[in-house]
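Just so it is clear, the structure is predicted and the values come from calculations on it, not from any experiment. Numbers restart at 1 for each chain; the letters A, B, ... are given by sequence-line order, proteins then strands.
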Amino acid sequence: MYDTLTRQLQPIKPRNGKVVHIYCCGPTVYRDAHVGNLRTFLLSDLVRRALTMSGFESLLIQNITDVGHMSEDFEEDKILAQSRREKRDPFAIARDYEARFHDDLALLNISPADSYPRASECIPMMLGHIEKLFELGYAYRGDDTSVYFDSQKFNSYGELSGNRLDALKPGHRYEFTEGGAKRFHADWALWKAAGNRSEMIWDTPWGRGFPGWHIECSAMSLHYLNGHVDLHIGGIDLRFPHHENERAQSNPVTGDEAVDLWLHGEHLLFEGRKMSKSAGNVVLLRDVMARGFDPLAIRFCFMENRYRSQMDLSWASIAAGQSVIRRWREKYQEWCAVPQELTVAAQSEIVKIHGNVAEDLDTPRALIALREVEKSNSLSFGEKRAIWESLDSLFGLDLLKPPQEVELPAGAEELISARARARSEKNFIESDKLRDQLAALGVQVRDTRVVRMGSLQLSLRQRIGYPFHALLQFLVR
RNA sequence: GGUGGAGUGGCCGAGAGGCGAGGCUCGGGACUGCAAAUCCCGCUACACGGGUUCAAAUCCCGUCUCCACCUCCA
């Protein structure tokens, strides 16, 4: 995978034992995740599936930020601000959005992390981490009794993001809220004094307060992953300042590079602009579903683009993705008429696609290969079936899913048989009328019998070697 | 202003010196009473201006445009 720190491809490997330790920055649960956020969470899922494919075990920790993430004005915690807007308890809000976050992940077939520690429940380990930074001389108390990180003390500050400490200009927003409390403008708060804040605050040796945004990831990643992170995942916008600061906080404590490989997912644009509240183009997964799309159409769209390219999503591209996965599912059902055949040719396709995925998660190329399998004239149905079955868990697109069985609305059954009767009597005026009535009930009728023959005849010519019962089964379909 | 990335047909997108990916849409055809679906065929593109080369979407120089990051962000 492409490592942000060394700016080149690096192998993923477990440092201790055989389990790859992964940390992925999770959501701040003050609002619904939009599909852009979900793109990053999909990245960690794809990495895990690729690791499983390659025979590795992995342990994934993803934090839930329910405290300490300051909002735009740097005056109020994001959760508390939302709590004020919704006039509800801040933790109740956090729990609600957290549950909705999990719902969204499930809809996208993003397999759950092994653990989702909440920042608010990890305060002691953050305090312990800050304590160590004090002992090592990286932390100091400001005039406002907050605790700050001494950025100049950390020699390689800026290596991850490409910023240089002396080039970072004092930010006016920081100056606004933190006055002269910090020794240096690039320093940041590890622990913030409560001030006049009365909710979501904790008692500490340095007084009552709440954690800075970055400390949770340092403390929680090292705690839950036993002191070392093999792979750290997050959105590209977290590269600076969040991950730069996290690295500065973590490395002194571990006495080493705390993270072996920094993986960043690029941003999602929607119809040409970065998805954001201010651009007014925020799309939630439920918006996609409200338009009748399978949520996995989004997963498909994401996989059609390399994770480290900006990608532009649009309703048209979601529709295109949807029609491809629908066709693939239908094709698979056809291929299932014959037994699967894991031949040498099929295996070499599978190996090729594994290779695409293992090479810096080249899912676009892997999907191209899947299309080639679909269209191939040299692969048999049984081989295609074997390939689909072997790769389904790698892609997570539910390609083996049969068309949904749904209850027909009341009266539909009668209309369908009446229509069949009318058609057999060549009373097409009547049969079309009945079709319209069915359409009004939401039932779409397709007359498929003759249609299948066209492609079937072609397939039979190719499949002449199959046992007779398999052919018969296919004809019956 | 600084840094990074990108401009490919109606749309989305791969390719990174030499046989014009693929998908979606659209058009034509086969099939069908019709429709839908499916299958077949078609739509010949690489921002602009120079240059290098036998050969450039691909390399070089310049220009334009867009996007992102530069202390809210996935």
Quick check for you: among [options], whose closest atom lies nearest to any side-chain atom of [X]?
X       : options                : answer
Q310(A) : G4(B), C24(B), A74(B)  : G4(B)
D432(A) : A74(B), G33(B), G13(B) : G33(B)
R239(A) : C69(B), A74(B), A14(B) : C69(B)
R419(A) : C72(B), G33(B), U71(B) : G33(B)
V324(A) : C34(B), G33(B), C24(B) : C24(B)
R423(A) : C34(B), U71(B), A68(B) : C34(B)
I368(A) : A74(B), C24(B), A14(B) : A14(B)
L269(A) : C67(B), A74(B), G23(B) : C67(B)

Classify [X] by what it touches in the nucleic acid, base, sugar-phosphate, or nothing, heavy-atom distance under 4.0 Å.
X       : value
R327(A) : sugar-phosphate
G36(A)  : base
L268(A) : base
S431(A) : base
R365(A) : sugar-phosphate
H242(A) : nothing

When rounded to the nearest Å, what value does the distance between [atom1] atoms of [N] and [M] take?
N      : M      : atom1 : value
G9(B)  : A30(B) : P     : 32 Å
U52(B) : G18(B) : C1'   : 16 Å
G10(B) : G5(B)  : P     : 29 Å
U65(B) : G28(B) : P     : 41 Å
A57(B) : C70(B) : C1'   : 32 Å
A6(B)  : C61(B) : P     : 15 Å
C39(B) : U25(B) : P     : 12 Å
U58(B) : U8(B)  : C1'   : 11 Å

Let me know the distance between [atom1] of [X] and [atom2] of [N], rounded to the nearest Å.
X       : N      : atom1 : atom2 : value
K375(A) : U38(B) : NZ    : C1'   : 10 Å
W328(A) : U38(B) : CH2   : P     : 15 Å
R435(A) : C34(B) : CZ    : C1'   : 6 Å
K182(A) : U71(B) : NZ    : P     : 12 Å
F240(A) : A68(B) : CZ    : C1'   : 16 Å
F300(A) : C12(B) : CZ    : P     : 16 Å
K192(A) : U71(B) : NZ    : C1'   : 12 Å
I298(A) : C12(B) : CD1   : C1'   : 14 Å

Is there a donor and acceptor pair closer than 3.5 Å between the side chain of H267(A) and the base of A68(B)? no
Less than 6.0 Å separating the ring centroids of W262(A) and F240(A)? no
With a 6.0 Å cut-off on ring centres, are W328(A) and F395(A) close enough? no
State the pairing partner of [N]; accept Watson-Crick or G-U wobble contacts with both distances under 3.5 Å, and report none otherwise.
N      : answer
A37(B) : none
C43(B) : none
C66(B) : G5(B)
U53(B) : none

Residue mapping more 5' on RNA chain B - nearest nucleotide basis, R371(A) or M311(A): M311(A)
Pair Y23(A)-Y224(A), ring-ring contact (aromatic ring centres under 6.0 Å, His included): steps then yes or no: CA-CA 9 Å; Y23(A) 185 85; Y224(A) 286 100; 8.8 Å; no
Could you tell me whether R183(A) sits above the aromatic face of Y140(A), with NZ or CZ closer than 6.0 angstrom to the six-membered ring centre and within 45 degrees of the axis? yes
It should be established whether [X] places a side-chain nitrogen or oxygen under 4.0 Å from OP1 or OP2 of nucleotide [N].
X       : N      : value
R326(A) : U38(B) : yes
K331(A) : U38(B) : no
R31(A)  : A74(B) : yes

E374(A) and its salt bridge (Lys or Arg N to Asp or Glu O under 4.0 Å) partner, picked from R329(A), R327(A), R385(A):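 The single option meeting the salt bridge (Lys or Arg N to Asp or Glu O under 4.0 Å) with E374(A) is R327(A).
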Please walk me through it: do F149(A) and Y138(A) pass ring-ring contact (aromatic ring centres under 6.0 Å, His included)? CA-CA 6 Å; F149(A) 187 92; Y138(A) 288 86; 5.8 Å; yes
Just wondering, do I61(A) and I22(A) contact through their side chains at under 4.5 Å, heavy atoms?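 Heavy-atom side-chain distance check fails, nothing below 4.5 Å.
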With sequence neighbours left out, write down each residue that passes side chain to side chain contact (heavy atoms under 4.5 Å, CB included) with L400(A), or none if nothing qualifies.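 L400(A) satisfies side chain to side chain contact (heavy atoms under 4.5 Å, CB included) with Y332(A), W388(A), E389(A), D392(A) only.
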